[in-house]
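To start, the structure under review is shown below, and the notes come after it.
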Amino acid sequence: APGRDFTIQRLTSVSQLMSFFFIIMVLLARWEEEKYEDGVKWKFLEHNGPYFPPEYQPLPDDVHFYYNGKEVKLSPAAEEVAVFFAQMLDHEYTTKKVFRDNFFKDWREEMTHEERLLIKDLGKCDFGELHAMHKAKVEARKNMTKEEKQALKEANQKIVDEYGYCLLDHHRERIGNFKIEPPGLFRGRGEHPKQGMLKKRIQPEDVIINCSKESRIPEPPAGHRWKEVRHDNSVTWLASWTENIQGAIKYIMLNANSKLKVSGPASRWQYEVARKLKSCVDDIRNQYMKDLHSREMEKRQKTPTADTVGCCSLRIEHITLHKQLDDKEFVVEFDFLGKDSIRYYNKVPVIKKVFKNLKLFMENKETGDELFDRLNTGRLNKHLSSLMPGLTAKVFRTYNASITLQQQLRELTNSKLDSATAEKLLSYNRANRAVAVLCNHQRAPPKTFEQSMANLQAKIDARKDQLSAAKEELKEAKKEAKSKGEADAKLLVERKQAAVARCKEQLLKMEVQATDREENKQIALGTSKLNYLDPRISVAWCKNMEVPVEKIYNKTQRDKFAWAIDMTEADFEF
DNA sequence: CTCAATACTTAGAACGCATGAC
DNA sequence: GTCATGCGTTCTAAGTATTGAG
């Protein structure tokens, strides 16, 4: 079947040949640009190493911790961890059993033998004074004078200047995360079984440095040494360490606007592959409608994480089959937690064949069993790339997002002459929103949402009152004008009419704003904008609509998409 | 090939600062 | 000037992709 797919695909259209040709041209261009052999990411790399967070400052003598009502002076190590907990006391995490249990277990490990003997019940711990001290500190920071704030800013800038940049192949590049992650209590997303565990302080002895052999090797902090210094130019990271919660490796890497990222495989390149999918997506869709039978294998087990799934790892409890639902036949109801424990809920009508297959896959299984027990992401992507070179699930996502944006922009925006910039931007946001909904990019409603919505509503109400008052005045003025017919009175009518119109306009604007905000309550636009939408679509739209590109991309985004802003013409089509 | 380790991208929340309304 | 609010930045968790060992 893969062979046949490829043949069909190759013969179907001239435009495919064209796009294939284009891909090769881009490949060559990219080759030219990168100028290094495969797998080599740089020839020269020099940096100052990561920035370490400041050492723990023990509590002042007048701040106390109490156990069972009695004052206890904690050892520095135990005290530091106690402060982590105290700082989070306002957060609801600290009320959760898993969080508390994990915290307490790890905390006890930091205690001295004596402390461990004494402190056996978290419920008997009183962190009140530590908590109060933390809040006072936050408050004090907020109330700093202008000069103090300025001094702090300058100090931070000094750190950025020293540690925030590296030299990569003769270019000074901004580092994305040059700071070692400070210690604290782990906060996973969703019901994470490890929430509350102690994330330990990283020492230079834990850190591997990666740089050029011939570069100036970064100095470890005084009295310390690095775990290792290596010179591996097949990777892009500058430093790494292993964190203690999941045992995962953390990396110090470059900023998103660096050459390495912008010309890396992920950015421009992914959009070209996705564009190519446009020319053969119909074939591929027809094909998978034909062979609705896949048979592969595999399972996997990892260290405990929050219970989340993706399309390949769905379990049978995540879908419900409805032969009939409302007025539709063969409906699949999805309900599961995806990445970041974000819920996906949807009812999707499918064709009979798919419905029957799903039913078959669920047979003789029980809760906890995988729906597609012979499928995994590797297998899926292998199959996809046999349909079109470079095709993966992610390419589909990029394609779907970009094509949706383009369609929505066409549907939602009028000609450039028809509307004001604000209205154009609203349309752009709506198109962006449609994409975010498609990709299930959700956010928690902002904490201040209800309040700010109420504030806006109050403004709207006030404006409404104002409007009716203005209308009333207009009516009065008209009556006056009719009975008297003086020029002055007529002028007054005109003035009142203008006032009513202005009022109406402002009211409309606010109402639109309220709608926009309400619609955006649980939708996050940033992720799709940054990661899935071909920036050339947006740049072309700006050119066509005569909207400055600054209105849709901020500085950071303009840096990241500089290549698209430079090269895109108004007639660009995804 | 499989599995685990490693590398890199994607993600939402928290933070903090600029801005604009009053 | 004050204050809320929205926005950009920072942070780091949580995915996917790739590599490499056996």
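Quick note on labels: first sequence line is chain A, next is B, and so on, each numbered from 1. Values reported hereafter were calculated over all heavy atoms of this structure, with side chains retained and with hydrogens, waters and symmetry mates removed.
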Check: dT10(B) base within 3.5 Å donor-acceptor of Lys339(A) side chain:
yes
Gly176(A) vs Cys311(A), nearer the 5' end of DNA chain C by closest nucleotide:
Gly176(A)
What's the verdict on side chain to side chain donor-acceptor pair (under 3.5 Å) for Asn432(A) and Ser528(A), showing C-alpha distance, side-chain angles and the deciding distance?
CA-CA 8 Å; Asn432(A) 194 168; Ser528(A) 52; 3.3 Å; yes
Is any side-chain N or O of Asn177(A) closer than 4.0 Å to OP1 or OP2 of dT12(C)?
no
Walk along nucleotides 17-22 of chain B from 5' to 3' and tag each nucleotide B, S or - by protein heavy-atom contact under 4.0 Å, base first, then sugar-phosphate.
-S---S
For Lys250(A) and dA13(C), is the shortest distance between a side-chain N/O and OP1 or OP2 below 4.0 Å?
yes
Would you indicate, yes or no, if dG12(B) has its OP1 or OP2 atom less than 4.0 angstrom from a side-chain nitrogen or oxygen of Thr527(A)?
yes
Do His192(A) and Phe186(A) have ring centres separated by under 6.0 Å?
yes
Side-chain N or O of His441(A) closer than 4.0 Å to phosphate OP1/OP2 of dT10(B)
no
Taking only side-chain nitrogens and oxygens of Lys382(A), does any of them come within less than 4.0 Å of OP1 or OP2 of dT2(B)?
no
Does the pair Arg315(A)/Asp307(A) count as a salt bridge with the N-to-O cut at 4.0 Å?
yes
Closest to the side chain of Arg230(A), out of dG8(C), dT10(C), dA7(B), is dA7(B)
Which part of the nucleic acid does Arg189(A) contact within heavy-atom distance under 4.0 Å: base, sugar-phosphate only, or nothing?
base
What does Gly338(A) touch in the nucleic acid at a heavy-atom separation under 4.0 angstrom: a base, only the sugar-phosphate, or nothing?
sugar-phosphate
Looking at Thr308(A), does any N or O in its side chain come under 4.0 Å of the phosphate oxygens OP1/OP2 on dG15(C)?
yes
Mind calculating the distance between OH (Tyr344(A)) and P (dA11(B)) to the nearest angstrom?
15 Å
Measure from the side-chain heavy atoms of Arg379(A) and tell me the nearest of dC8(B), dT10(B), dC1(B).
dC1(B)
By the 4.0 Å heavy-atom rule, please label Ala444(A) as base, sugar-phosphate, or nothing.
sugar-phosphate
What is the nucleic acid contact for Lys179(A), judged by heavy atoms within less than 4.0 Å: base, sugar-phosphate only, or nothing?
sugar-phosphate
Under 4.0 angstrom, heavy atoms only, what part of the nucleic acid is Glu243(A) near: base, sugar-phosphate, or nothing?
nothing
Phosphate contact (dG15(C) OP1 or OP2) by Arg397(A) side-chain N/O below 4.0 Å:
no
OP1 or OP2 of dC15(B) under 4.0 Å from side-chain N/O of Arg141(A):
no
Would you tell me if any nitrogen or oxygen in the side chain of Gln246(A) comes within less than 4.0 Å of OP1 or OP2 on dA14(C)?
yes
For a quick check of understanding: with a heavy-atom distance under 4.0 Å over all strands, which category does Pro445(A) fall into, base, sugar-phosphate or nothing?
nothing
Minimum-distance nucleotide to His91(A) side chain [options: dA14(B), dG12(B), dC8(B)]:
dA14(B)
Distance test, side-chain N/O of Thr236(A) to OP1/OP2 of dC8(B), below 4.0 Å
yes
dC11(C) phosphate, OP1 or OP2, under 4.0 Å from Tyr251(A) side-chain N/O
no
May I ask you to say what Lys199(A) touches in the nucleic acid, namely base, sugar-phosphate or nothing, with a heavy-atom cut-off under 4.0 Å?
sugar-phosphate
Is Ser240(A) touching bases, backbone alone, or none of the nucleic acid, heavy atoms closer than 4.0 Å?
nothing
Taking the side chain of Asp340(A) as its heavy atoms from C-beta onward, which of dT10(B), dA7(B), dA14(C) lies nearest to it?
dA14(C)
